[in-house]
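Letters A, B, ... are given to chains in the order of the sequence lines, protein chains preceding strands, and every chain is numbered from 1. Model, not experiment: these values are computed from the prediction.
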Protein chains: 2
Amino acid sequence: MANRTVQDWEDAALASIAEHGLASLSIPRLARTLGVTKGSFYWHFTSLQELIEKSLRRWDERDRTALEEVRQIEDPRKRLAALFEQAMERTEAHGLYVALSASTIPYAAPVIRRISNRRLKFLIESYVEAGLNAPEARAQALLAYTAYVGALYLRLSRKQDLSDYVAHAMKTLIPPRPRAR
Amino acid sequence: MANRTVQDWEDAALASIAEHGLASLSIPRLARTLGVTKGSFYWHFTSLQELIEKSLRRWDERDRTALEEVRQIEDPRKRLAALFEQAMERTEAHGLYVALSASTIPYAAPVIRRISNRRLKFLIESYVEAGLNAPEARAQALLAYTAYVGALYLRLSRKQDLSDYVAHAMKTLIPPRPRAR
DNA sequence: ACCTGAACACCGTTCAAGT
DNA sequence: ACCTGAACACCGTTCAAGT
């Protein structure tokens, strides 16, 4: 078989973290998945830490492009709605967010911060475009974002359908359509 | 020195998890903290898993009594406000919630579910008392709870003061005082 | 009744040796 | 250039032996 690339290892790591959690990430496991020996890992990476760091950078990049797509939607209210609905898909990304935002590995915090900053900024801008003034938009964006993150975690311990929740959250958190003038 | 008790080990475990995360929990570490050898651990517990299970049960119990205290407040709006403010204190409990709700250990999920069910039920009852009808109260409680959990996680990656956030959340999520009749 | 200390399996890491 | 396989330290677990 062809040799493994750095990207192969990174993708396998992200998938494993998203599904089994960070604690279950192990070099022998990944090696078995990829069909090689654990020793070969150290030709591509200097340590498990480096693998995680590089994988996180990859995830960060993916999140950035995912946001860019939603940004194409012109109507700010529809854009917000799309963001809320996206919040219930993209399960690997959510698995990663959930698995890592509580982790105590030192380089996880900056990545989480960068991702949440980017999404908060996006929310604030959309709220401003939807007619809120700056402090209102900021406060509302923060509330919406925390509700989003909280919902990710809630979904973890209960299988219940959250579509009613999303509907209510959108009603509460998306500003009314401005009146025509 | 006197011998260690089961409770000593449980308390040490909860404190360690809350502060350093679940991944850093290690029997040699705890043993060193308690001034004994790791071998002695296995006189009190059959496995690390059992220690975690029993510790989680202990935490569950603590959360229950913490809720009971807030329940004493008669005015439902003030009770909700107290709950929101408590949400920014009790740091060990929050550290535990954060460290465990994403964990893949099998007995963590039921405990998290029990705790969140209890707090959701409490919120729903308070919202009903504050004048909302049943479905409104349920939806609003769910939104409030997810915002609360999300705020715990957001606080992790940014040191920023969240008191403005709490003020806005309370304004948005606590129903208006009913008019006197 | 509670603890020590040695033993073993598993994972992270290193590295000489293979192709 | 990429991988194997043996080696070593660390942690979870067991257990005979100490007090």
Side-chain angles (χ1 to χ4, degrees), chain A residues 1-58 96 99-100 102-108 111, chain B residues 1-59 96 99-100 102-109 111:
Chain A
M1 214 200 289
N3 287 329
R4 307 302 167 282
T5 70
V6 166
Q7 288 207 356
D8 289 336
W9 285 96
E10 288 172 0
D11 288 340
L14 288 176
S16 172
I17 295 172
E19 190 170 0
H20 306 291
L22 190 63
S24 304
L25 183 68
S26 107
I27 296 170
R29 272 172 73 115
L30 288 183
R32 233 171 293 137
T33 306
L34 294 172
V36 289
T37 307
K38 65 174 178 169
S40 89
F41 170 85
Y42 289 90
W43 192 87
H44 299 283
F45 301 91
T46 174
S47 66
L48 178 62
Q49 167 165 335
E50 193 197 298
L51 170 65
I52 301 179
E53 266 178 89
K54 289 195 172 167
S55 303
L56 293 194
R57 222 170 291 154
R58 211 171 150 69
L96 285 167
L100 289 166
S103 95
T104 50
I105 55 177
Y107 31 91
V111 177
Chain B
M1 217 201 287
N3 287 328
R4 307 302 169 280
T5 71
V6 166
Q7 290 208 355
D8 289 337
W9 285 96
E10 288 172 1
D11 288 340
L14 288 176
S16 172
I17 295 171
E19 191 170 1
H20 305 292
L22 189 64
S24 304
L25 184 68
S26 110
I27 297 171
R29 268 172 76 116
L30 287 183
R32 234 171 292 136
T33 306
L34 294 171
V36 288
T37 307
K38 66 172 176 169
S40 89
F41 170 85
Y42 289 88
W43 192 87
H44 299 282
F45 301 92
T46 174
S47 65
L48 178 61
Q49 167 166 334
E50 194 196 299
L51 169 66
I52 300 178
E53 267 178 88
K54 289 195 172 168
S55 302
L56 293 194
R57 223 170 291 156
R58 210 171 150 68
W59 170 42
L96 285 167
L100 290 166
S103 94
T104 50
I105 55 177
Y107 31 91
V111 177

Take the protein atom CD1 of A:Ile52 and the nucleotide atom C1' of C:dC11, then report the distance between them rounded to whole Å.
-> 13 Å
In whole angstroms, the gap separating P of C:dT13 from CG of A:Leu30 amounts to 12 Å
So, B:Ser103 side chain and B:Leu100 main chain: donor-acceptor pair closer than 3.5 Å or not?
-> yes
Which whole-number value in Å describes the distance from A:Lys38 NZ to C:dT14 P?
-> 12 Å
Respond yes when some side-chain nitrogen or oxygen of B:Tyr42 is under 4.0 Å from OP1 or OP2 of D:dT13, and no when none is.
-> yes
Kindly say if B:His44 contacts the phosphate of C:dC3, meaning a side-chain N or O under 4.0 Å from OP1 or OP2.
-> yes
Taken to the nearest whole Å, CD/A:Glu50 to P/C:dT13 is 11 Å
Can you tell me if A:Thr5 uses its side chain to pair, donor with acceptor, with the backbone of A:Gln7 under 3.5 Å?
-> yes
Rounded to whole Å, CG of A:Leu51 lies from P of C:dC11 at a distance of 16 Å
OP1 or OP2 of C:dA1 under 4.0 Å from side-chain N/O of B:Asn3 | no
Whole angstrom value for the distance that separates P of D:dT13 from CH2 of B:Trp43 | 18 Å
Which nucleotide sits closest to the side chain of B:Thr37: D:dT4, C:dG5, D:dT13?
-> C:dG5
Expected list for residues 6-27 of chain A near DNA chain C, using heavy atoms below 4.0 Å, is A:Leu25, A:Ser26, A:Ile27
All stems that DNA chain C takes part in, i.e. 3 or more consecutive Watson-Crick or G-U pairs with distances under 3.5 Å, are C:4-8 with D:12-16, C:12-16 with D:4-8
In whole Å, what is the span from the CG atom of B:Leu48 to the P atom of D:dG12?
-> 6 Å
Rounded to the nearest 0.5 Å, what's the gap from NZ on B:Lys38 to CZ on B:Arg29? Could you check?
-> 14.5 Å
Can you say whether the rings of A:Trp9 and A:His44 are parallel (under 30°), tilted (30 to 60°) or perpendicular (over 60°)?
-> tilted
Atom CG of B:Leu34 and atom P of C:dC3: how far apart are they, to the nearest Å?
-> 9 Å
Each nucleotide N or O in nucleotides 17-19 of chain D that has a protein N or O under 3.5 Å away: list the pair and distance.
none

Hey, could you give me the CD/CD distance between A:Glu10 and A:Glu50, rounded to the nearest 0.5 Å?
-> 9.0 Å
When you get a sec, tell me which of C:dT13, D:dT4, D:dG12 is the closest nucleotide to the side chain of A:Ser40?
-> D:dT4
